[in-house]
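In this text, all values refer to a predicted model and were calculated from it rather than measured experimentally.
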Amino acid sequence: MAYRHGVERNELLARELRGRLGLITNPSGVDQALRATVDLLHENYDLRALYAPEHGIRGDAQAGAHIDHDTDKKTGLPVYSTYGKKDECPEDKYRDVDTLVFDIQDVGARFYTYMYTMTEAMEACAKLGKRVVVLDRYNPLGLDRMEGTLLDERFSSFIGKYTLASRYGMTIGEFARYANAEKGIGCDLTVILCDGLDRKADYRSLGVPWVLPSPNLPTYESALVYIGTVLFEGTNVSEGRGTTKPFELIGAPFIDGDALADTMRRMDLPGVNFRPVCFTPTFSKFAGERCYGVQLHVTDPDAFEPFRTGLLLLDTIRKTCEPFEFRASSGEKWTIDLILGTNALRQSGFDADTFIAAEQKKVEAFKRDVEKYFLYE
């Protein structure tokens, strides 16, 4: 059976998309012919409003950039911000729609903000008695593996809100069902399932075009390594933003790239090799400065362990490269703790492999707990 996104299941859309519609989407919301969901719904349904997540409806804003209320130039529809603009009454922007539709390509990473944009909208719709319809999509990293840490909700934030694994092995629709039930949201939720999807499928097996889910995940490989190298966002080491290989290039002016590559190669980590590199970011950390470090080359995606690889790389740099440091975020919280979901990495006596093994047991228990929300075999 050929694969179809939720947005391509026209028979189900016709049944579920009733009344005045609102849509949360971005450039990744397309069918396989690369037609935008916003345009498809505007042409065929009573679409009244758009809601912009991080990076905006058309993807023209960088990470963390403030999103304002606006008007979509192509459709003329009002665009309400769901990111960076704090409304006194967040649900007000949903009052004039009957059904809120969500269609964004997720990447299967806990620290991706789109999923929390969705759950905040679900909370608002629950208060207003509005329906929510999630147009499901494949998880590019697959549905058969979970890895990383299990977030301790003492470290909850918009880059990690709920108890989830770093690589959480669900579709966005499955996650919506989990959050709706386990977090007490209780909205009127419908998930339009993908057709032809199973738990062994990933980006490589489905043959779908890659559309950037956000500006700094330009390729499947960048999304794969992101599960581990996102940790560098909590440090003074560049994670490659401002280059053509974000999250694949890791470096700083104070790193010896050749020595680091040699050290990482000696670990003989599965499915990956390390190449010493020199790069100059055009923005973000060390903009305009020459950085030295490594590029991660994924040689076998099935064997590759992105979280373990990223954590061991970070642990190696912090032990061997001065002046490495962790970066504090607003409110005196450490960014690394929010990304990792725990403050264990900053504690004395930290051992990476012991930590990874302990967290993996938690992740495996979490997987057993959430299997009841799975929609695909």
Check your understanding: Taking NZ, NE, NH1 and NH2 as the nitrogens, is one of them in E147 or R308 under 4.0 Å from a carboxylate oxygen of the other?
Key -> no

Point to revise | Side chain E359, main chain L150, donor-acceptor under 3.5 Å | key: yes

Review point. Salt bridge between D106 and R137, side-chain N to carboxylate O under 4.0 Å?
Key: no

Check your understanding: Is a salt bridge present between K200 and D144, judged by a nitrogen-to-oxygen distance below 4.0 Å?
Key -> yes

Check your understanding: When you check the gap from the basic side-chain N to the acidic O, do K74 and D72 get nearer than 4.0 Å?
Key -> no

Practice item. Would you check if the side chain of T354 reaches a backbone N or O of D351 as a donor-acceptor pair within less than 3.5 Å? Key: no

Exercise for review: Assess whether atom NZ of K183 is packed by more than 12 heavy atoms of other residues, nucleotides or ligands within 6.0 Å.
Suggested key: yes

Review point. Can you tell me if R110 uses its side chain to pair, donor with acceptor, with the backbone of T149 under 3.5 Å?
Key: yes

Practice item. Before giving the answer on salt bridge (Lys or Arg N to Asp or Glu O under 4.0 Å), spell out for D302 and R204 the whole-Å C-alpha distance, their side-chain angles and the decisive distance to 0.1 Å. Key: CA-CA 11 Å; D302 293 323; R204 297 166 299 152; 2.7 Å; yes

Exercise for review: Kindly say whether N139 contributes a backbone atom to a donor-acceptor pair with the side chain of Y203 at under 3.5 angstrom?
Suggested key: no

Review point. Are any side-chain N or O atoms of K130 and backbone N or O atoms of R95, one a donor and one an acceptor, separated by less than 3.5 Å?
Key: yes

Practice item. Report the C-alpha distance between D315 and K319 in whole Å, list the side-chain angles of each, state the deciding distance to 0.1 Å, and finish with yes or no for salt bridge (Lys or Arg N to Asp or Glu O under 4.0 Å). Key: CA-CA 6 Å; D315 199 41; K319 290 175 178 176; 3.0 Å; yes

Practice item. Tell me, yes or no, whether the heavy-atom count around E371 atom CD, taken from other residues, nucleotides or ligands under 6.0 Å, exceeds 12. Key: yes

Point to revise | Pairwise distance CZ(F232) to CD1(I317) - rounded to 0.5 angstrom | key: 4.0 Å

Check your understanding: Does any N or O in the side chain of Q105 come within less than 3.5 Å of the main-chain N or O of Y138, such that one atom is a donor and the other an acceptor?
Key -> yes

Practice item. Please determine if R20 and D98 form a salt bridge, counting it only when a charged side-chain N lies under 4.0 Å from a carboxylate O. Key: yes

Exercise for review: With E233 as reference, evaluate R241, K285, R327 under the side chain to side chain donor-acceptor pair (under 3.5 Å) test and give the passing residue.
Suggested key: R241

Check your understanding: Counting N and O atoms only, with roles assigned by atom type, does the side chain of R265 sit under 3.5 Å from a partner on the main chain of F274, one being a donor and the other an acceptor?
Key -> yes

